[in-house]
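What follows is a single structure, written as structure tokens, with notes after it.
Computed from heavy atoms alone, side chains included, the values below leave out hydrogens, waters and symmetry copies.
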Amino acid sequence: MAAGDQDNFQQLMSSLLSTDNEIRTKAEEVYNALPRETKVPHLLGTIQNPAMSEEARMLSAVLLRRLFSAEFTEFYEPLPPEAKEQLKQQILMTLQQNEAGSMRRKICEMVAEVARCMIDDDGNNEWPEFLQFLFHCANGTNVQLQEAALRIFASVPGIFGNQQAQHLPLIKQMLIKYLDASSDQEVRFQAVRAYGAFILLHDKEEDVKRQFADLLPAVIHITAESIELGDPQNLMQLLIDMADGVAKFFRPQLEPIFELCMKVLSTPDMEDNLRHLALEMMVSLAENASAMVRKRADKYVAALVPLILQMMTDLEDDDEWSVSDKITEDDTSDNNVIAESALDRLACGLGGKTVLPHIVNNIPNMLLSPDWKQRHAALMAISAAGEGCQKQMEAMLENIMQGVLKYLVDPHPRVRYAACNAIGQMATDFAPIFEKKFHEQVIPGLLQLLDDVENPRVQAHAGAALVNFSEDCPKNILTRYLDAIMAKLEMILTTKFKELVEKGTKLVLEQVVTTIASVADTTEKDFVAYYDRLMPSLKYIIQNGNTDELKLLRGKTIECVSLIGLAVGAEKFMSDASDVMDMLLKTHTEGDLPDDDPQTSYLISAWARICKILGKQFEQFLPLVMGPVMRTASMKPEVALLDNDEMQGVENDANWQFVNLGEQQNFVIRTAGLEDKASACEMLVCYARELKDGFANYAEEVVRLMVPMLKFYFHDGVRTAAAESLPYLLDCAKIKGPNYLEGMWLYICPELLKAIDSEPEADVLTELLHSLARCIETLGAACLSNEAMEEVLKIIDKFMTQHFQKEEKRAQARKEEDYDDGVEEQLAEEDDADIYLLSRISDIVHALFVTYKETFIPSFHRVVPHFVKLLGATNSWADRQWGLCIFDDLIEFAGPMCAQYQGFFLQPMLEYIKDEQPEVRQAAVYGCGVLGQVGKFIKN
């Protein structure tokens, strides 16, 4: 390498670090244009040159790691053998330089990247010298080299590749030495990181975990030591990652872990972020190994709940809070927000039987406290506990409501706000029982609070609680109060509209518009009486709310008008429909809305509602609405792969979500617009369903959009809508003739089958299976090619095999030492989800029998053993029910050809007529009924 070239390169490094944007941009262009064969030796040379500034050397280490991460194979493979050896020696040499903290860390990250790349697909490590270096460090006394070796091992815990089994005793000896109290402190901290990474890599390998379990006490002890110093190496976060991945691994050390976390959480002068981590650790264990925590850490839960409740009282006195017109999102790092979330998760994880008694023991005194923060926290705790303690709280609702209602008139506005919050949350968690029991107290109480004009934030929250209440309230109950509710809401609408014009305040107005929409949605035709009085004001807001600060108000008003239209029906709404549509379309004709415009989702949903109201008459608007809806549905989210250094800019940005992929990589996605994309996809489903052949001209364009989105893994709602759309789109396309329809199905079918095979989420999978069944029924006989039928049979076989495996796994879970009522509840939920999936498989078999009749029998024959197995007397009643349903279809649609299977279904069918479960009896009786119609061929 010529000295001049290296000098030029070092100048380039300095320019890359320049604070002058122009110089830096030019330098980036020059650097990016260099071939990798030039970059690697120059970057290595800069790292190894102590005369260069530390900044330039650190940047070189970062750039070299990124280059290896992206292009290692392309650079390394063409090198001749001696150059490969030389490169590996040079890289090992950089490790042995005597470097300070940050520089050493960057070098270790670069070397780890090379070590990772040196393991081939078969697990062969092509860098044996590096493994020797690791063991050499363990046997030596150089603290810096030990720390470096551990950093790299923590980053690449699979470094031993397929040689690991023979090295396990050595690996363990190495960790024992490093974790020992006689080791250097920084080495001990890195040893904990390496241990955690190694265990997480082997999360499914019980044998490896068993061999290394006895090192856990030392790991906990060193973590405690690290916490005393402010936890500089984030060891607590590592334990949390282990609690998420291998929670049961902590079983023998559960008490010491809880002791440590409780000590940290209950130390008031401990830094907040460490207290948050201690709380997160306990909550993660409760979520991921709930039975173990219930059984072995109950005494800690009893002490933990009061600490969480006290953390929820950590609120600031802010006189502006209740009169503020702009709501700022709660800071997710605030103590009260973290504590409230922890209580919710703890209740959901451990269940109401364990958690609720401790909440109930503490809340009465808090509610009686003269300190508003105590009363506020107690009411927010009731909101937070509802989901996890549903069964237990339902039995105590009268007592709870006696306590909560009086705080709607508390002297402190934030306590009144918290009482609204509790009522709104319970109205959702305990619907419709809550609405039926407490309407006489809740509706007048909230209406009274809607008069709290001195505290707009409280007034608005009363409106929000009324939305929750009316959404699930039986219509016959809400209509009793309709005049009183609407008198109040119309009065507020008028006064707040005036306030908007005079002062620009809009918080309560935005909420009241939403509350009116919700009341209309529930009361339907009974809302007609208020239509003529409300519609002019609402249309005025849509027409004139054109400034940026009024976008949300305009969006909510658009939602309100469309929901009122849907409630009162086409006849009443028709006179305004054209006017309203013109105003809505004008929003888009004046230019595309930005991704994060709050109006987008309201507009798109409103058009779909108006489509439902107008039916065929909506077709005239399709050419105008389809552009914006398709644009929103086609939105491609911003995604990126960032390393840990690059993450610092986006880590706390609410507009980005990220997944740590390990190995220095983070996948980030910008979430703005994702919900709108999902809404737009749902609206396309609505158009296809409502307009049928009137939508035929758009069917092809929409199919080409929807089919690739069956694999849009960033948002479940998008995939669900894509699946749901397909049978409706096929239905739309029928008008264009059989050839057109066949072409569309040839495009859909292979992608739908692939999506079913690879779908990770059970809720989306059931929609995909349902879509397939509907498509088959829509298209009729012979719609599946031989290859497609083969794939469908493979899918049935795969999911039926999994069904029985999951049942076996649940049977084993019932024999585990931590099994209790809480586990049974969880298993019952899993069972329900599994049975729902089974019902969708049954839908596909039903669709195939309906369309193919007896010609489906040869294919059915290949999967019939699964369905025979469902009929077993020891199976769950749901198994037997769906097994019978499938044989019912065989009998009904294959006629006399079903005789060959009578040995499998006849005896169980006759026996199950007397089954205890009505669903099983019904399926058996139905089967006997259809047998009666085709029964001449059945032998006695």
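- A distance of 10.0 Å separates CZ in Phe527 from CG in Leu563, rounded to the nearest 0.5 Å.
- Surrounding CD of Glu398 are more than 12 heavy atoms belonging to other residues, nucleotides or ligands, all under 6.0 Å away.
- For the pair Cys420/Leu449, a side-chain contact is recorded, criterion being any heavy-atom separation below 4.5 Å from C-beta on.
- Here the closest heavy-atom approach between residue Cys885 and residue Ser842 is recorded as CB-OG, 4.5 Å.
- Between Asp548 and Lys551 there is a side-chain heavy-atom pair separated by less than 4.5 Å.
- Remark: Lys616 engages Asp693 in a salt bridge, criterion side-chain N to carboxylate O under 4.0 Å.
- Scanning all heavy atoms of the two residues, the minimum distance from Ala633 to Leu705 falls at CB-CD2, 3.6 Å.
- Looking only at distances, no side-chain donor or acceptor of Ser605 sits under 3.5 Å from a matching main-chain atom of Tyr602.
- In this structure a side-chain-to-backbone donor-acceptor pair under 3.5 Å is missing from Gln881 to Val920.
- More than 12 heavy-atom neighbours from other residues, nucleotides or ligands sit within 6.0 angstrom of OH on Tyr531.
- Cation-pi geometry between Lys677 and Phe714 is not satisfied (NZ or CZ under 6.0 Å from the ring centre, within 45° of the ring normal).
- Annotation: cation-pi pair Arg774/Tyr728 present, NZ/CZ under 6.0 Å from the ring centroid and within 45° of its normal.
- Considering only heavy atoms from C-beta on, Leu779 comes within 4.5 Å of Leu741 through its side chain.
- Judged by distance alone, the side chain of Gln390 and the main-chain N or O of Asp429 form a donor-acceptor pair under 3.5 Å.
- For the pair Ile542/Leu584, a side-chain contact is recorded, criterion being any heavy-atom separation below 4.5 Å from C-beta on.
- In this structure, Asp763 does not pair ionically with Arg719, as no charged nitrogen and carboxylate oxygen lie closer than 4.0 Å.
- More than 12 heavy atoms of other residues, nucleotides or ligands lie within 6.0 Å of CD in Glu777, so this atom counts as buried by the packing criterion.
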(request) Could you check Asn455 against Arg414 for side-chain contact (heavy atoms from CB on, under 4.5 Å), going step by step and ending with a plain yes or no? (result) CA-CA 9 Å; Asn455 300 286; Arg414 290 187 70 172; over 6 Å; no
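- No side-chain heavy atom of His770 sits less than 4.5 Å from a side-chain heavy atom of Glu724.
- Asn546 contributes a side-chain N or O that, together with a main-chain N or O of Gln543, makes up a donor-acceptor pair within less than 3.5 Å.
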(message) What verdict does the side-chain contact (heavy atoms from CB on, under 4.5 Å) test give for Leu500 and Ile541, after you've listed the backbone C-alpha separation in whole Å, the side-chain angles of each residue and the deciding distance to 0.1 Å?
(response) CA-CA 11 Å; Leu500 173 69; Ile541 294 172; 5.8 Å; no
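- When every heavy atom of Ala755 is checked against every heavy atom of Leu768, the shortest pair comes out as O-CD1, 3.9 Å.
- Leu509 CG to Thr514 OG1: the interatomic distance, rounded to the nearest 0.5 Å, is 9.5 Å.
- Environment of NZ in Lys498: sparse, with no more than 12 heavy atoms of neighbouring residues, nucleotides or ligands closer than 6.0 Å.
- In this structure, CG on Leu538 lies 5.0 Å from SG on Cys560, to the nearest 0.5 angstrom.
- Using a 4.5 Å heavy-atom cutoff, the side chains of Leu397 and Phe438 are in contact.
- Within 6.0 Å of CD in Glu549 there are more than 12 heavy atoms belonging to other residues, nucleotides or ligands.
- Side-chain atoms of Asp526 and Thr479 include no donor-acceptor pair closer than 3.5 Å.
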(message) Let's go through Tyr687 and Val625 carefully: what are the C-alpha distance in whole Å and the side-chain angles of both, what is the deciding distance for side-chain contact (heavy atoms from CB on, under 4.5 Å) to 0.1 Å, and is it a yes or a no?
(response) CA-CA 11 Å; Tyr687 295 156; Val625 303; 3.9 Å; yes
(request) Start with the C-alpha gap between Asp451 and Lys488, add the side-chain angles, then the distance that decides, and say whether salt bridge (Lys or Arg N to Asp or Glu O under 4.0 Å) holds. (result) CA-CA 8 Å; Asp451 287 332; Lys488 183 75 71 184; 2.7 Å; yes
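- Of the possible donor and acceptor atoms, none in the side chain of Ser771 sits under 3.5 Å from a partner among the backbone N and O of Glu767.
- Taking CD of Gln599 as the reference point, atom CG of Leu553 lies at 10.0 Å (rounded to 0.5 Å).
- One N or O on the side chain of Thr494 and one on the backbone of Glu490 form a donor-acceptor pair closer than 3.5 Å.
- Across every non-hydrogen atom of Cys611 and Glu690, the tightest pair is SG-CB, 3.9 Å.
- Contact of the Ile443 side chain with the Leu447 side chain is registered, since non-hydrogen atoms from C-beta on lie closer than 4.5 Å.
- Applying the salt bridge (charged side-chain N to carboxylate O under 4.0 Å, His left out) criterion to Arg840, with sequence neighbours excluded, gives Asp843.
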(request) Given side chain to side chain donor-acceptor pair (under 3.5 Å), test Thr515 with Gln511 step by step and report yes or no. (result) CA-CA 6 Å; Thr515 310; Gln511 181 54 61; 3.2 Å; yes
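- Note that the CE atom of Met380 and the OH atom of Tyr417 stand 6.5 Å from one another [nearest 0.5 Å].
- Contact annotation: the side chain of Trp607 approaches that of Met581 to within less than 4.5 Å [non-hydrogen atoms, C-beta and beyond].
- In this structure a side-chain-to-backbone donor-acceptor pair under 3.5 Å is missing from Lys612 to Cys686.
- Interatomic distance, Phe469 CZ to Thr522 OG1, rounded to the nearest 0.5 Å: 10.5 Å.
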(message) Before you tell me yes or no, could you show the steps for Val561 and Arg609 under side-chain contact (heavy atoms from CB on, under 4.5 Å), namely the whole-Å CA-CA distance, both residues' side-chain angles and the distance that decides it to 0.1 Å?
(response) CA-CA 10 Å; Val561 165; Arg609 287 189 202 105; over 6 Å; no
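- For Glu387, the CD atom sits in a loose shell: 12 or fewer heavy atoms of surrounding residues, nucleotides or ligands are nearer than 6.0 Å.
- Side-chain N or O atoms of Asp325 include one that pairs as donor or acceptor with a backbone N or O of Lys506 at under 3.5 Å.
- Ion pair Glu499/Lys496 flagged as a salt bridge, since at least one NZ, NE, NH1 or NH2 atom sits closer than 4.0 Å to an Asp/Glu carboxylate oxygen.
- Shortest non-hydrogen contact noted between Arg533 and Ala529 is NH1-O, 3.8 Å.
- Minimum heavy-atom separation, Gly717 to Ala678: C-CB, 4.3 Å.
- No more than 12 heavy atoms of other residues, nucleotides or ligands lie within 6.0 Å of CD in Gln448, so this atom counts as exposed by the packing criterion.
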